[in-house]
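Please read the structure below before turning to the comments.
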Amino acid sequence: MFIKKKKPWHIPESQATPEDMYLNRRQFVKKAGLYTLSAGVLFTGTGSLIDIFGKRKEEMIKVPETPTSNLYPAKKNEKYTLNRPLTDEKVAGKYNNFYEFSSGKSVWRNVDKMEVRPWTVEVTGLVEKPQVYDIDRLVKEMPLEERLYRLRCVEAWAMAVPWTGFSMAEFIKKVKPLSSAKYIRFQTFLNKDWAPQQKYKFWHPWPYNEGLSMAEATNELAFLATGIYGHELPKQHGAPIRLVVPWKYGFKSIKSIVKIEFTDKQPATFWNTVVPNEYDFLANVNPDVPHPRWSQATERIIDTDERVPTIKYNGYGKYVAGIYEKA
Ligand code: MTE
């Protein structure tokens with residue numbers, strides 16, 4: 001996320017992962033490799049070891065082992081496929097936004113302290129029966145499926161990934177909200193020992209939170225993901241459970257959820273509170289509405305560096321445009 005107001009601790013993404021360096025990574029690695037022959041290996045920005053013979057020794061993407069690991073991979077739902085290739089798993093797992101852990105992209109290096117079990121999700125507010133779900137109970141009770149979705153970050157990069165999880169609509173049916181519920185508020189954990197950036201409370205309104213209207217949350221695309229690439233979510237992707245709303249900018253897809261609250265008021269949300277003139281509540285992908293500081297007309301595919309046109313609603317207009325046309 002690019003942020004206008006600079007605070008003492010904030011490292012803009014341009015410093016954390018220089019865009020030019022990232023975009024030219026392949027050339028950079030090639031050139032640097034030539035000059036570091038005597039050292040034998042080069043540690044690159046993506047965390048790979050390149051040896052002098054040009055072979056890559058990738059560091060593994062760590063996947064948590066849990067009591068429900070045996071449920072993955074889940075059956076693929078053929079309705080949700082893509083007309084673009086899937087992003088390389090190692091690239092997707094090493095280029096993340098998770099501001100609790102880092103304001104750079106190498107979140108995967110900073111998540112080890114986080115514990116994903118035990119984990120509970122509190123369902124509260126305007127529901128028939130507020131309750132606290134143990135994550136393994138929830139995952140066992142819901143029908144897991146795999147869906148291929150695009151993900152478009154507001155920073156104008158994009159990827160395409162196979163999520164595993166269950167539809168938000170199914171979850172809503174299960175927890176039975178009252179008719180007075182108009183919105184859902186989602187909340188991430190608060191734990192300064194795991195997530196060092198949460199110490200800087202003076203600026204960020206931790207914990208991270210997000211919201212959807214009931215019409216959005218019950219749209220068939222809204223998904224609660226517990227897995228990716230045929231296994232459980234690695235921590236950097238938002239283990240053990242996160243939201244995925246592919247027609248909206250990625251910041252709406254809140255990670256590591258601990259609380260889901262049904263409410264009659266539009267909830268305040270994290271980025272909209274921090275920089276209201278740059279990140280709105282709806283945050284629907286739209287090439288015609290530039291961010292105040294950059295264009296949204298095109299997007300960069302993170303594993304190929306290709307630039308492609310942005311599509312309204314991230315290509316999901318046939319599913320979701322009706323929600324907003326009615327409004
Ligand atoms: N959720 C939490 N709790 N904290 C975050 O910083 N970043 C968001 C979103 N969910 C974020 C979050 C942003 S800006 C994006 S683009 C996506 O997560 C990125 O998801 P990914 O890292 O799995 O690709």
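We count ligands from 1, going down the list as the structure has it; atoms in each ligand are counted the same way. Note that the coordinates shown come from a computational prediction; the quantities given were computed from them, not determined experimentally.
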Discussion item. Check for me whether Ser256 has a heavy atom closer than 4.0 Å to any atom of ligand 1.
Written reply: no
Worksheet item: On the ring face of Phe98, is Lys235 found with NZ or CZ under 6.0 Å from the centre and within 45° of the axis?
Response: no
Fill in: Among Glu145, Lys173, Arg147, side-chain contact (heavy atoms from CB on, under 4.5 Å) partner for Ser167
Arg147
Practice prompt. Measure from atom 22 (O) of ligand 1 to every heavy atom in His237, Lys255, Gln236 and give the option owning the shortest one.
Written response: Lys255
Discussion item. Tell me whether ligand 1 is touched by Lys252 - counting only heavy atoms on the residue side and a distance under 4.0 Å.
Written reply: no
Item to complete: Specify side chain, backbone, both or neither for Asn96, according to which of its non-hydrogen atoms lie closer than 4.0 Å to ligand 1.
Response: both
Worksheet item: With a 3.5 Å cut-off and no angle check, do the side chains of Gln197 and Ser102 form a donor-acceptor pair?
Response: no
Worksheet item: Distance only, no hydrogens: is a donor on one side chain within 3.5 Å (strictly under) of an acceptor on the other, for Asn284 and Lys248?
Response: yes
Worksheet entry | Nearest candidate to atom 15 (C) of ligand 1, where distance is taken over non-hydrogen atoms, out of Cys153, Gly93, Gly250 | Gly250
Worksheet item: Short list, please: which atoms of ligand 1 are under 4.0 Å from a heavy atom of Glu100?
Response: 2 (C), 3 (N), 4 (N), 5 (C), 6 (O)
Worksheet, complete the sentence: Thr68 meets the side chain to side chain donor-acceptor pair (under 3.5 Å) criterion, sequence neighbours left out, with Thr66, Arg117, Asp136
Practice prompt. For Ser253, take its heavy atoms, then give the atoms of ligand 1 lying under 4.0 Å from any of them.
Written response: 9 (C), 10 (N), 18 (O)
Discussion item. Just to be sure I read this right, does ligand 1 sit under 4.0 Å from the backbone of Tyr99, its side chain, both, or neither, counting only heavy atoms?
Written reply: both
Response to the item:
Apart from Val63 itself, its cluster of hydrophobic side chains linked below 4.5 Å comprises none
Discussion item. Could you tell me, atom by atom, which parts of ligand 1 come under 4.0 Å of a heavy atom of Met159?
Written reply: 24 (O)
